[in-house]
Amino acid sequence: MSRPIITIAELAKHAGQEVTIRGWVYNWRKKGKLRFIILRDGFGYLQCVVFRPEVDESVWETAVELTQESSVEITGVVAADERAPGGFELKVSGLEIIQIAPEFPIGKKDHGPDFLLNHRHLWLRSKRQHAIMRVRSELEFAIRDFFQRRDYTLIDSPILTPAACEGTSTLFETEYFGETAFLSQSGQLYLEPAAAALGKVYCFGPTFRAEKSKTRRHLTEFWMVEPEVAWLRFDGLLDLCEEFLSEIVARVLDRCTEDLERLERDVSKLRPTADGDFPRLDYAEAVAKLKALGSDIQFGDDLGGDDETLLTEQFDRPVLITRYPADLKAFYMQPDPSDPSRALAVDVLAPEGCGEIIGGSERSDSLEHLERQIAAHDLPRESFEWYLDIRRYGSFPHAGFGMGIERCVAWICGVPHLREAIPYPRLINRLNP
RNA sequence: UCCGCAGUAGCUCAAUGGUAGAGCGGGUGGCUGUUAACCACUAGGUUGGGGGUUCAAGUCCCUCCUGCGGAGCCA
């Protein structure tokens with residue numbers, strides 16, 4: 001059989017040749033004896049032309065039956081044509097219907113978010129969602145590659161956990177053979193012991209937060225990448241954040257040009273990030289700057305959403321906010337030796353008002369300090385005994401961070417709401433589909 | 001949980017307290033180059049549920065439900 005079955009991505013290699021392509025009808029237009037079928041196959045979009053005088057009458061009759069999202073196998077000659085989107089079109093000679101689809105719920109005009117989310121399984125077929133999923137996939141690959149090439153070991157942390165990382169109020173609970181288990185909200189506590197075993201480790205997986213937050217920046221299930229590095233100090237952690245972000249953004253810019261174009265993303269706003277050299281602001285400097293910009297923030301307050309937006313608008317690349325007041329941050333963070341009221345913590349805020357995408361810190365390596373912190377935070381001491389072992393058996397300086405994948409995807413793609421940055425978003429009042 | 005906004009055709013939205021309408025999608029017909037094609041015709045409604053005010057309620061009031069935006073919290 002000489003006629004190859006190809007994907008739309010391989011089209012250019014087959015110019016002038018008769019090929020078969022399998023896919024779905026994305027859209028169609030008719031003009032008298034002409035029918036244009038826009039076919040999508042997951043790899044691209046292709047205009048297929050059926051001209052009645054030039055095809056068998058059976059092919060024409062089949063073409064007339066097609067509806068949006070019907071599945072088909074189309075055969076024809078690949079022809080360069082300036083009038084075709086993408087530069088190539090298919091002169092149809094054969095058309096086989098796999099299935100005629102009934103009226104497709106998602107049309108060409110606008111839809112509301114509730115409707116689209118109810119049809120997320122079908123919404124994924126649209127060009128915009130297709131592009132976002134491609135960027136997400138490339139970003140995740142870039143992240144794994146970043147760590148793999150630097151000799152990190154991937155440690156898959158558990159999803160079912162016996163206790164909280166930062167308290168139980170925001171955890172999903174489930175019955176576990178007569179006990180209570182919680183869905184993990186971070187792999188960090190499990191990574192720290194692994195860092196003692198393997199030096200440089202990271203985890204990459206879903207995490208769960210039962211926070212009743214209803215904003216564009218929150219999901220109840222989201223994916224997080226968390227590196228944890230033995231012997232890494234705070235300054236090294238800041239360098240790691242910068243190197244990491246600049247490299248993965250550069251990679252996506254390089255490999256997802258078409259997708260970012262389809263998303264109408266202004267990539268000039270992302271380029272500075274790829275160069276690194278992120279501004280670093282001490283928390284006190286950040287507060288002073290915000291006050292000068294008109295915020296009513298006081299020293300000791302956490303940065304609000306408006307503050308983050310205001311701050312990121314001052315820079316063309318991510319900004320690192322360092323050394324927060326310790327009581328704003330988690331129990332396991334290392335106090336700043338020059339001022340113990342501050343923690344060696346960093347938040348990375350992405351530009352264009354996107355806000356926090358990374359939170360990290362140097363971890364406390366003192367058993368006594370952690371014991372005091374656990375008591376001060378009213379955490380169940382017995383649940384953390386295993387974690388405290390890390391400070392008993394060869395305590396070591398170490399640091400790490402966590403990055404929310406969806407926030408990074410949303411920023412890179414320029415989509416305003418996290419619900420589009422994950423295939424099947426889980427929100428406070430949405431579990432379906 | 002709190003504050004604000006909304007709910008009308010399959011979808012997106014109109015409609016001074018006074019005859020419920022358009023675009024898209026569906027159906028029928030027309031057109032040899034369309035780019036969310038276009039043109040003509042056509043079908044399609046318990047105005048989110050319940051209660052109230054009024055001669056008269058999609059519109060005003062109360063209440064519940066659902067969604068959206070924001071706050072807090074975080075990645």
Side-chain angles (χ1 to χ4, degrees), chain A residues 26-38 45-54 64 67-69 79 81-87 89 91 101-119 122-123 126-128 165-167 169-171 185-188 206-226 241 301-309 324 328-330 345-350 354-360 401-411 416-419 421-422 427-430:
Chain A
Y26 187 75
N27 191 14
W28 55 271
R29 294 179 279 272
K30 53 177 187 164
K31 175 137 181 103
K33 296 184 172 67
L34 266 173
R35 242 157 225 270
F36 301 98
I37 301 158
I38 313 302
Y45 302 83
L46 172 63
Q47 173 163 287
C48 306
V49 187
V50 187
F51 185 37
R52 194 171 186 178
E54 290 176 2
V64 166
T67 58
Q68 191 186 351
E69 291 304 325
D81 194 312
E82 279 181 7
R83 295 168 295 188
E89 64 181 21
K91 305 282 188 199
E103 185 183 339
F104 196 63
I106 298 177
K108 301 173 194 170
K109 283 273 178 109
D110 293 341
H111 296 282
D114 190 39
F115 179 83
L116 287 171
L117 287 172
N118 284 333
H119 296 85
L122 303 177
W123 188 21
S126 72
K127 283 187 178 175
R128 177 181 163 85
C165 176
E166 298 165 28
S169 58
T170 62
L171 290 174
Q185 61 176 353
S186 165
Q188 186 201 317
T207 51
F208 309 86
R209 307 257 168 112
E211 291 157 0
K212 291 198 170 160
S213 47
K214 240 183 64 94
T215 83
R216 70 178 71 171
R217 293 145 70 120
H218 290 87
L219 299 166
T220 53
E221 175 182 297
F222 66 98
W223 284 63
M224 188 155 65
V225 58
E226 297 174 272
C241 290
D301 293 347
D302 210 345
L303 272 60
D306 290 345
D307 293 321
E308 285 190 4
T309 304
Y324 282 79
L328 292 179
K329 291 295 180 183
V346 57
D347 281 354
V348 182
L349 311 183
C354 179
E356 183 178 353
I357 57 172
I358 286 180
F401 67 76
M403 184 183 79
I405 300 305
E406 290 75 17
R407 286 189 179 176
C408 193
V409 171
W411 164 48
H417 199 300
L418 256 43
R419 64 189 166 213
I422 185 168
L427 301 155
I428 180 166
N429 46 14
R430 182 173 298 280

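Protein chains get the first letters and strands the later ones, always in sequence-line order, with residue 1 at the start of each. We use all heavy atoms of the structure for the numbers below, so side chains are in, but hydrogens, waters and symmetry mates are not.
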Visitor: If you take atom types as modelled and just measure distance, does the side chain of A/Arg407 reach the base of B/rC74 with a donor-acceptor pair under 3.5 Å?
Guide: yes

Visitor: Are the side chain of A/Glu308 and the backbone N or O of A/Leu349 linked by a donor-acceptor pair below 3.5 Å?
Guide: no

Visitor: With a 3.5 angstrom cut-off on both distances, give the Watson-Crick or G-U wobble partner of B/rG26, or none if there isn't one.
Guide: B/rU42

Visitor: If we call it a pair only when both distances are under 3.5 Å in a Watson-Crick or G-U wobble match, what pairs with B/rA71?
Guide: B/rU1

Visitor: Report yes if a donor N or O on one partner sits less than 3.5 Å from an acceptor N or O on the other, where the partners are the side chain of A/Glu82 and the base of B/rG33; otherwise report no.
Guide: no

Visitor: Any base atoms under 4.0 Å from A/Leu219, or only sugar-phosphate, or nothing? Heavy atoms, all strands.
Guide: base

Visitor: Within the structure shown, what part of the strands sits under 4.0 Å from A/Asp347 by heavy-atom distance: base, sugar-phosphate, or nothing?
Guide: nothing

Visitor: Mind checking the P distance from B/rU8 to B/rG4? Whole angstroms is fine.
Guide: 22 Å

Visitor: With the side chain of A/Glu308 defined as its heavy atoms from C-beta on, choose the nearest nucleotide among B/rC74, B/rG33, B/rU12.
Guide: B/rC74

Visitor: Using a heavy-atom cut-off of 4.0 Å across all strands, would you classify A/Gly107 as base, sugar-phosphate, or nothing?
Guide: nothing

Visitor: By the 4.0 Å heavy-atom rule, please label A/Glu54 as base, sugar-phosphate, or nothing.
Guide: nothing

Visitor: Could you tell me whether the side chain of A/His218 has a donor or acceptor atom within less than 3.5 Å of a complementary atom in the base of B/rC74?
Guide: yes

Visitor: Figure out the CZ/P separation between A/Phe51 and B/rC31, and round it to whole Å.
Guide: 13 Å

Visitor: Classify A/Gln47 by what it touches in the nucleic acid, base, sugar-phosphate, or nothing, heavy-atom distance under 4.0 Å.
Guide: base

Visitor: In whole Å, I'd like the distance from the NZ atom of A/Lys91 to the P atom of B/rU32.
Guide: 16 Å

Visitor: What does A/Phe222 touch in the nucleic acid at a heavy-atom separation under 4.0 angstrom: a base, only the sugar-phosphate, or nothing?
Guide: base

